[in-house]
Structures are given as structure tokens and as C-alpha cells.
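Below: one structure, written as C-alpha cells.
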Amino acid sequence: MQFMLLFSRQGKLRLQKWYVPLSDKEKKKITRELVQTVLARKPKMCSFLEWRDLKIVYKRYASLYFCCAIEDQDNELITLEIIHRYVELLDKYFGSVCELDIIFNFEKAYFILDEFLLGGEAQETSKKNVLKAIEQADLLQEVRLGGGLFFLGFNSFH
Amino acid sequence: MSDVVEKTLTALPGLLLSLDSQPGAAKLCATSRLGSLVRSITELTSKNVGEEMAEPPAGPLFHTEKPCHVRAIYCEMLGYEASFSYIHAIKLAQQGSVLEKRVGYLAVSLFLHESHDLLLLLVNTVLKDLQSTNLIEVCMALTVVSQIFPKDMIPAVLPLVEDKLTHSKEIIRRKAVLALYKFYLIAPNQVQHIHDKFRKALCDKDPGVMTASLHIYLKLIKESPESYKDLTDSFVTILKQVVGGKLPVDFNYHSVPAPWLQMQLLRILALLGKEDQRTSEMMYEVLDESLRRAEINHNITYAILYECLKTIYTIHPKSELLEKAAKCIGKFVLSPKINLKYLGLKALTYVVQQDPNLALQHQMTIIECLDHSDPIIKRETLELLYRITNGQNVSVIVEKMLDFLRLSKDEYTTIDLVGKVAELAEKYPFPYNSWFIQTMNAIFSIGGDVMQPDIPNNFLRLLAEGFDSDEEDRQLRLLAVDSYLSLLECDTSGLPQRFLQVISWVLGEFSFLKEGLEPADVVERLGKLLDDDAITTETRCWVLAAMSKLCGSSDALCKAEKVAHKYTSCLDTALRQQAVELELLGRDVDLRTRVLPQHVIGFCVWLQVDSSLSFLDGFVSDALARGAAPYKPPHQRQEELSQEKILNFEPYGLSLPVSLSACSLTDRQSPTALSLSSSLSGNSADPPLKAGSNLLKLEGVKRVWGKQGYLPEKQATEEALAQEPSSIFAPSHQQACSESQQTTFSTIVEQDQEKRQLASSLFVGLGSQNAPCLVRTVSQMSVKPTQKRSKTTSIHLTSAFAQNLSDSTSEAVPAVGNTEVVEASEVSSLSGGSGPLAQPSSQVERGLESDLPSRLPATLVGLLRSDVEELCSGESLSLSACKVFDADALVLAIFLSNISDSSIQEVSCLISSEQLKVPEMCSTFSVLSFYLNGLNPQLEGSVSCASQATQSFSLTLSLVDFIRPLPLTTEEYGKMWLSFSHDVKQNLMLLKHEEEDQLEAALTALKEKLCLHIVDVIGAEGIMACQLVSGRPCLLHCHTHGGMLAIWLRSPIADLPDCLLYHCQKAIQER
């Protein structure tokens, strides 16, 4: 996988993860172009796109678009499932996830993504294991911060 | 708005310092400040009223670093630069608590890229954390390492990461494997030595670790499948276990066991089984099992199925499996889900080369997809059609592609598809000539200026060089002229520049073919093009060039001159030159008749190009004499630029005109000579790149496609016929009939019929013969050559050298007793034909071989010479030769000795060289050109006498034979060095490291082997000089550093440095 983008229906970027080295300018250009293209597509259309020499696989969940770029020989369907698994993970972690969760706790979203995908490859596909790893790290944090604050810190905005 | 954010952010760093003093209770507020930042920024962007929010949320409040960085990440994501926070992120990762570390690492991995300088600061932190006893810290360190790590620092962490492969926790092992995978990706040679550790990871008891190791294996096997064949069995076993559900339920995804693992394994098997029957046989069973198991109707099973299909069609085929796979493809293609349909088409595209019948089975679906509302589906369908194109359906398919192109706005797609259409049109150019021209016109107008430049170039070459039949060529050209003339009559403002260039070239070259068309008319129409302000100067050049070609008649000339006059003072040099040339043609009638011969078809064909540009030598030396800087090839300029990253204190003014002339010289550096010289010197660096790419482009695109079109298509047709000729079209007929009965709407029937018609025209070449034949038959197609290669232009060296040599043979030396004939012929001075050819001197003595040199004529004694070499010997005669290196010639001394006891009579010796031909100017040139052709000039000859049958021999000359030392002082050397324009630079490996003075040893070796003169040695640098016998010099500059010898050669002769470098290389190696 080359990169993963999350953006809202309004075209606002919510999360970006690049697995190939690119300059900031290039990243911005790609993001802009892709957001435009994907948003212009109708709901019944194919989830795959050819874009430059890459394949774009995207899927919409509620108001969020998840969008991955893969190489030509990669499998589009499995990428779709990677997106789905990531959404499942977020859902399980936040408890029925919504866009706001990702906006206000996007560092958590990054942590989960890093635990699930590493260097553009699926690292751990078992839902249980990913969440266990995240929880362990969180636990450490919690201990340091002291109990109650943890909950306030993460759930104060929705 | 950005002001606000910047203010916010610039206020942040100050707050970072106050971390420790904050009480724990402040954290809540801190988090909520992130919230308010997010909110305020969101509001800002949505309402775009940034100025009103002028009060930045950056008061001296409670902050911790964590939210600061989270904020910085957020700002970066929104597109604002937060680079000031990078260093703090690293600091945080280094010094913070576990909590802060986590954010710090995340920020680092998001902010920095692989070659960022700050990344070096992270290495120490990573090292520390890898050694930590805290699992979480180790995990974080491994995560960041496998995302971003400086390449040069890999050795520092590698041992620690390796250790982690034996860690007790599987999560650590897994991350360590992925970190190694990352290392392998960015620096494969760094992890070469731990391949056995990968094997251990593959055998790990935890399936997660094993899965991770497959990433590495996939890459490894992709690179060299041969070396991993022994693992096939293991991979098959693993896949069998996975498919059989032997893994823990944790790994299931929607009740499919470990799909990611399965797909990875399938990919690996495909790589291993490719073109290898024995390995493929091992996997048939498990593939069959996979196909069978994947029956649940869920995306993930389709993903596995698709991968399975790809594997089955990649490995050595097995008919049973192929049959099942074909059925599966049907599942995809016929699925109502659009994603699956897309993949079905993709699979068909992949498979159709092996099995065109599959495309026939699904023809109706394909036709439907062709009109699909989603452009991606359409695009993939076209890709499929492109693969099944043959001589009979090409026009329909090209039409469909052009339709798509007219609607498509995406530049990338346009470039790609235009290339494909052009390829098809050139491959099957003659359903009708007019079709070809029309298609190319459509390509030019659609592809516009974004298409690959070789498309118009190929087209023009095709027109110029023509095909087999002259009549057809003429017709084709005439058609082109006609169509362009009519195009010029309409509005030309919308046409792309490239198209206008093509039009003007064709009209300039071939408009005389059209009878009754006055050149003046053409000039006028072309002239109208120039009125348009939108056309570029490049196109203007093309138009003017076309006009100059049309200047044969006086009124055309008159008009052209009028147009050209405008541009004689134009600022663009190329354009001005065209205009001035045209004016000159107008003034000089003789020149005009010479340059513009009337009505010669495609005279570019017989044009010969002096690719060495020797005609410019005078110009160059004049320029050099006037103080111009010598030409430097681009690679050298670049090298020097990168070396000299210091300020330039020299004024720039002077060098400008000089560099201009030098530039014009370079650009015409002939590609042939360059590429040849590079093949000689073996691994010389970059100069031939340009030439190489030129060559590539000439080669066309794909080889899978033969001249007759799609290669396996004919067999397939036969097969289809033999099996069941009627069944292929029957289903669609029946379907159509039943539909027409059921539906009362005649329109539907019509539509259906249209589709059927389309189908029959699209799939015409693939299936039955009774389908309507739109165009000519295949057999006729095959006669046409796809594309003519450009004729090789080379200089033919003609001279009477060979004759001279054979004249020089001494014939019939009457002899009494024991005779030795010493014959010396000066090879290099022969070209003039006047040199002292043969000086037979008979000396009556019989000697040993070793005495032979003493028989040399007095003039040659004391000169450097090669060892005496026996060329041939018979019963009574023995012939030996040695090369004597005279200062201004290579003298070949041939010794003919009588080895029998009796006297011999009627000795005749004939020497000739068919290969060696010398141009009048100088013999060294021919030797040089021989070197360019990769040959060593050879002298052949035969000797006979009365008592012995004819014996033949041969003698090979080498460039080294023509090299002489050139005594120079350092000062002279310096002057010459600057004035020489051709140079080559290369690093040679010095093998003997133990030598104390490597430079001197190398120089001596060169001196001995190549007869070079050592001019001077200063420190680690040495300069040497040599010349060819003709007096053309070549200078060498050697420099040693760290076991390498950097050689830099310069000469006024274009190819000498390259050839000499080759010999230097050899000399150094043989040392």
C-alpha cells in the first residue's frame, strides 16, 4: 500500500498515512486531486479507480471516505477488506465510532492504524490482538495519569 | 486565517518547556485546549472569517507537550507548516514518559521523511528504547523503525532488532520481522547476511510472525525465484493447513481462515510455479482445495478466489484447474456487484492471452460493460479489447477507444490510451489507407500535446520510409496530403501544436505528389497558420522548414520569403535560423537546385549522416583558438557542478557566447557513436543514457504482439472451429430470439441486435468464420511489415588500403640456398600509397627464431618492438612477424625463413586485409573506427612456394599498436588539456591494495603496456600523454583515492578517449 487517506464528505482531510517517501508539496497535490475525484463519484459506482499508475480503492462509511492507494498488481478486494477491518477496529475501540471521534482523538486513530498496518503491509489481522496491544499501551498511560482523567480526556467532546 | 494559526503555533514552543511544573489536574484542561483548537480551526475553515478570531488560544495556561504535538500534527494535516515542532517531537520521544514518548514517536513518523536530517537524532532514542525492559517502549521503537529510519544508520540498530527475533513475546517478534522487512526494502544489502534468520521467522510457532516473514519472502522470491524453490513444499503445507482451518479462530476474518495469509501464500506460489512444471505440480492439489473452499458469498472469499485465479493462470497450466478457474471468472463477470464485475474484466484481460475463447463466452457482458456508466469499467473493457485486437476487428476496437478518449478528461488515461491506439493503428495500418490516416489524425487531435512524442515521430517515419510497394506508399502519402489540405481549410485554431507540426512536415515533404497543386498555394496555406498567435515558436520552425522545402518554384519562393522576412530578426534563435536559411536559399539559385532536387520521394532515406560531425572540426578548432571553452559533456558538467558547491567569484559575462557554441555542438553528438563507445568501455557512466533512450523508443512497444497481430489467435480460432463451430454464437442468438418474443418493445430488440452486431464485429477474429468479415483477411495482413526500422546511417570508409597492401607483397623471390626474406611494410603510411612499400633484402643465413630480430633492417633496429610471433609454418617455409613501433608508423616486419635443407624457389607471399579500409585522411582514423565497431583489424595473407602448398595466416592489429608516447612538459600539457573537447572519466578498481605507492605502480603499468609518456606526478595525481601515429594526441589524468584510480582522458578525436580507456582498464587489470 502506498498511502491511506481519510476525508469527510466536505473534502476535509481527517487522517493521512504515507508509506512512500514523498515531498509535502506532492502529498498536498495528490490529496487535493484524489479528494476531488473520489467525491465526484456517484454512490453506485465501482470502488476502484485508476489514478496515474496507481489503483485507488475507496469506501464511504457514513460521512467519511476511506481511501487507499495500491500498486497495479495488488488485490483490490483485499484492500477493501483492510479498510473494513480498520473501521471495525475503530468501531470496537471507540464504541460505535463517528467522525467526531476521529477528529478529536485522531492520534488514537493513528495508533490503531500503526498497530494494524505497518510499513504498508497488514501486520496483525486479528481484531482481538490489535485492540489488546492498544489497550496495554493505553493502560500504561492511564496509570501515569491517574484513573478518572483518562475518561474525561477522551470523551469530553461528544 | 493562516495568520491566526501561525500565531497560535509560534506561541506553542514556549509552552513546551513548562512540562514538569504542571500538576496532574491540568491535563484535563490541556486536552480540552486541543478540542478548542480543533473547534476554532474547523470554524475558521468553514466560515473563512479568520480575522475575527484574532485572539490566539495561546495564553500562559496549562499545557503539556502531548496536546501540543497533537495540535501540531493536526495543523500539518490541515496544510500549515509546523516545522518548528519537529525538533520538539524528537525531544519528546527521547525524554518523555511512556505517554509522551508515544505521541513523540507518532509525531516523528508523521512529520519527517526518510532523508530528513533530524532523523539522525532519533537513532539514539531508538537504541535506548530497544534495550528497554518495558515491552511497550520496545514496541514503540520497533514501530517507528519499521516506518521511518535513516538508511545509513541501519547497522547501528540491526543487531538489536535481530535479537528481538528470539524475544518471548510474539508481538515483539512480529514487529522485529517487519522492521527487517523495512530494512530490506530500503537497503537490501544491509540485511543480506541474516537470511537464515528469516527462515527461522518463517518457522515461528506463532502464525502472526510467520505471516510477517512472508512479506520478506515475497520480495526475495520476486527477485530470484530459483533460489527458493526448495521452500515450495513448506509454503504448500502452510497453505493446506490454513485452508483446512488449522489456525486459531482469532485469525478468522468473517469466518474465512486468515485470508491475508492465504493471499500472500498464493502470490508466492505463483512466483515459484511460473514456468516450472515440477514446482507447479506440487501446488495443484492445494489450489484446487482453495477454489473449492472459497464458496461463501463474501468479498473476502472473492479476494482469495481472484488471487487463486491469478496463480492458476501464472503457473504451469493444468487443464482441470483451468476449467474450474474459467468458471470462477464467469462468477466475477456475471456478478451484479460492480466491484466484482470490474475484477472479472481484469481477470479476463489477464487470461485472454492464453485463452481467447473466454472472451467469446462473455461477449455480451463485455458489450454491456462497454456502455457502462462508470468510466472505470469502460476503461478496463477497452483494455480487454486491446488485448484481443486482430487484423479484422481493429477498426471497430479503435473506434471504441477513440470514442472513450473523446469523453475522457484524465490526462494520464489519455496518454496511455492514445499510445495504445497508435500502436494498433501502426500494427494494422492497412485495412484501408484512408482509415490509417484518419485514425492517426484523430489521435493527433485528441492526444494533443500530452501524448508521447514518439507517436508523431513514428508516424512520420512510417510515411517517409514507406512499405514494400511504391504505389501504396504514394497513395498513403497522397491521402495524408489531401486530408491535411482540407484540414487547413477549416479553422485550425483548435489543433494541437504537435498535429500542426506533423501537418507542415507532410505538406512540405509530399505535397508535390498531388497533381495540379501549386507549391505557392501550399505556402500560402501554411503561412496562414503563422498568423495565429497561439502557435508556439517550435511549430513556427516546422512551418518555416516546410516552406523552405517548397521553394522550388519562384512564386512559392516569393511568398515564403515574405513570410520568413518577419522572423529574420526574431528573438528565438532556432526560428531566426530557419528564416535566415530560407532567405539564403532564395538568393542563391545554385544552392537551391542542389538542396531541393525536384520530386524525389522520401529523400530522407538516402541522406547519409556524418555522425562523427567531423565537418565541424574546423569550426571547433577555430572557436578554441579564439579562446572558447572546450566542450564538456553533460555528465561531466553535472559532476563538476556537484563538486563545486562553493561560491563562484568569476564573472559570468565572458563565458556566455562560448558556451552557446559549445552547446550546439553537444546536442548533435551522434547517438550511434556514443552508444558504440559505451559498449566498448564496458561500464562507462552516464553519457549514453540519452542515446539509449532514443534507441528504446525506436523499438516500438511490445513484443508479445507479432507482426501478424495477436499471436496465439490463429490457433485459437482453429481450435474453436474444430470443437463446436456453432456453439459460440448460439447462446446469444437464442437469447435474442426469446427476448424478442417476450418483449413487445421493438426498440429493445433493435438494441439487442445492435449489440449482437457489435459483438460479431468485435470478436470477429476470435471465433467462427461465418461472422461478417469487415476487412481483409489475416493472411494478407501478415505480409505487411509492422514498422520499418530506421536505416542505419554510417560512414562508409573507402580507400585503397587493401590494394596497396597486396601490391606490396613481394612475389617470387628467386632463391639459392637458404634464404631469409625480411620484409617490412609500413602499415600506417600505406594510405597515401606512396610509402616505402617493400624492401626485400635477402640475407643468406639460417638462424634460430630468437635471432630473427637481429635481421631487422638497420633503420628499425633500436626501436621498440613486439615479440616475434610465428604466423605459420610448413614443411619448408616458416613465417614470423613482429610489430615495430616507429615514431610515425607501425612497421610490420615479416620474416620468411627456409626451414628445410634444400633451397626453395618461387616463394610468393600475399598479404591483404579485407577488413581494413583506410580513408584518405589518415590511417589511425580507420583503426579507431574499427575499434568502434568492436573489431580488431586483421591482416590476412598466404604464403606459398614451389615445394609447399599455400598456407594462410592472419595477424591482428590493436589500437595499442598505434599509440606512441607524447613527450610534453607540464605547461604544454596544461594548455592542451584545456583545448581538447572530448573526454571520458572513469573510476578503475586497483586490485593490489597492499602496494605503498599505488599511483606509481599504476602509472608504470600503463606506461609499459600502452607506451604512454608520464609527464608529471604531483602527490596523488599523475598526468600522462600519448598520441596516435598520425600525431593526434590524447591526454590522461590519473588520480588515486581509496583503492580507486580515477582516469580522465581527453583528446580532440571523439572516440579516442573511450577506446583508450578500455585498454587502460585492461592494462590495470592484467597488471
Side-chain angles (χ1 to χ4, degrees), chain A residues 10 12-19 21-24 28 31 41-42 44-53 73 75-78 80-82 84-85 103-104 106-107 110-111 114-115 118-119 121-129 133 136-137 140-141 144-146 149 152-154 156-157, chain B residues 24 27-28 31-32 34-35 38 42 45 70 73-74 77-79 97-99 102-103 106 109-110 113-115 135-136 139-140 143 146-147 171 174-175 178 181-182 185 208 211-212 215 250-251 253 258-260 263 299-300 302-303 306-307 338-339 341-343 373-374 376-377 379 412-413:
Chain A
Q10 287 80 33
K12 295 248 167 51
L13 195 60
R14 293 299 178 216
L15 191 141
Q16 54 176 345
K17 188 86 194 175
W18 302 82
Y19 297 110
L22 286 171
S23 72
D24 282 349
K28 269 179 205 159
T31 313
R41 288 180 65 81
K42 298 188 188 79
K44 281 280 169 63
M45 281 181 162
C46 192
S47 304
F48 314 132
L49 263 184
E50 268 165 45
W51 182 79
R52 298 202 194 163
D53 53 344
Q73 69 269 19
N75 191 314
E76 290 91 346
L77 278 178
I78 201 78
L80 217 50
E81 293 313 302
I82 284 181
H84 188 71
R85 179 35 64 103
I103 296 175
F104 288 108
F106 66 90
E107 83 273 18
Y110 274 119
F111 290 144
D114 281 348
E115 208 57 46
L118 202 51
E121 305 284 351
Q123 178 200 180
E124 174 61 76
T125 53
S126 150
K127 202 157 46 172
K128 206 176 80 191
N129 289 353
Q136 270 171 356
L140 225 84
Q141 207 162 304
R144 223 186 95 80
L145 278 175
L149 290 173
L152 286 169
F154 285 102
S156 50
F157 295 108
Chain B
K27 301 289 199 293
L28 164 63
T31 327
S32 69
L34 164 68
V38 168
T42 317
T45 35
V70 176
I73 297 172
Y74 194 79
M77 187 163 69
L78 289 176
S97 64
V98 178
L99 149 74
R102 202 173 169 205
V103 178
L106 176 67
S109 69
L110 289 174
H113 54 85
E114 251 156 39
S115 48
L135 276 189
I136 304 287
C139 273
M140 286 191 295
T143 306
S146 36
Q147 295 194 50
I171 184 171
R174 195 177 64 219
K175 281 180 195 282
L178 281 167
Y181 170 63
K182 173 76 179 177
L185 286 185
T211 313
H215 294 308
D250 269 359
F251 290 90
Y253 178 87
W260 279 273
M263 296 183 56
N299 261 347
I300 195 76
Y302 279 109
Y306 180 74
E307 210 60 51
I338 187 163
N339 288 346
K341 207 181 240 350
Y342 172 80
L343 280 184
S373 56
D374 192 343
I376 297 299
I377 300 279
R379 173 84 181 74
Y412 202 87
T413 319

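In what follows, every chain begins at residue 1, and chains take the letters A, B, ... in the order their sequences are listed.
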Examine B/R102 relative to A/F111 and say whether NZ or CZ is less than 6.0 Å from the centre of the six-membered ring and inside a 45° cone about the ring axis.
-> yes
Looking at B/K182 and A/E121, does any basic side-chain N land under 4.0 Å from a carboxylate oxygen?
-> no
A/E76, A/E81, A/R85: which one forms the most heavy-atom pairs within less than 4.5 Å of chain B?
-> A/E81
Minimal non-hydrogen separation, A/N75 against B/M263, with atom names | ND2-CE, 3.1 Å
Are B/K175 and A/E124 side-chain neighbours, meaning at least one heavy-atom pair lies under 4.5 Å?
-> no
Side chains of A/I78 and B/I300: closer than 4.5 Å at any heavy-atom pair?
-> yes
Scored by heavy-atom pairs under 4.5 Å with chain B, the best of A/C46, A/A133, A/S23 is A/C46
Pairing of A/R41 and B/D374 as salt bridge, 4.0 angstrom limit = yes
B/I171 and A/Q136, any side-chain heavy atoms less than 4.5 Å apart | no
Minimum heavy-atom distance A/Q16-B/L110, with the two atoms named = O-CD2, 3.9 Å
Could you look at B/Y342 and say if it's the side chain, the backbone, both or neither that has a heavy atom under 4.5 Å from chain A?
-> side chain
Can you tell which part of A/K17 gets under 4.5 Å to a heavy atom of chain B, answering side chain, backbone, both or neither?
-> side chain
Any idea which of A/E50, A/Q123, A/K128 has the most non-hydrogen atom pairs under 4.5 angstrom with chain B?
-> A/Q123
Could you list the residues that satisfy side chain to side chain donor-acceptor pair (under 3.5 Å) with A/Y19, not counting sequence neighbours?
-> none
Within the distance-only criterion (no hydrogens, no angle test), does the side chain of B/N339 pair as donor or acceptor with the backbone N or O of A/S47 below 3.5 angstrom?
-> yes
Quick one: of A/L80, A/L77, A/D53, A/L22, who has the most non-hydrogen atom pairs under 4.5 Å with chain B?
-> A/L77
Do B/T143 and A/D114 have side-chain atoms, one donor and one acceptor, less than 3.5 Å apart?
-> no
Portion of A/Q10 that has a non-hydrogen atom of chain B nearer than 4.5 angstrom | neither
Heavy-atom distances under 4.5 Å only: say whether B/I376 touches chain A with side chain, backbone, both or neither.
-> side chain
With the side chain counted from C-beta on, respond yes when A/L118 and B/Y181 share a heavy-atom pair under 4.5 Å apart, and no when they do not.
-> no
Of the backbone (N, CA, C, O) and the side chain (C-beta and beyond), which part of B/T413 lies under 4.5 Å from a heavy atom of chain A, both, or neither?
-> neither
Which residue out of A/I82, A/N129, A/T31 racks up the most heavy-atom pairs below 4.5 Å with chain B?
-> A/I82
Part of B/E307 within contact of chain A (heavy atom distance under 4.5 Å) | both
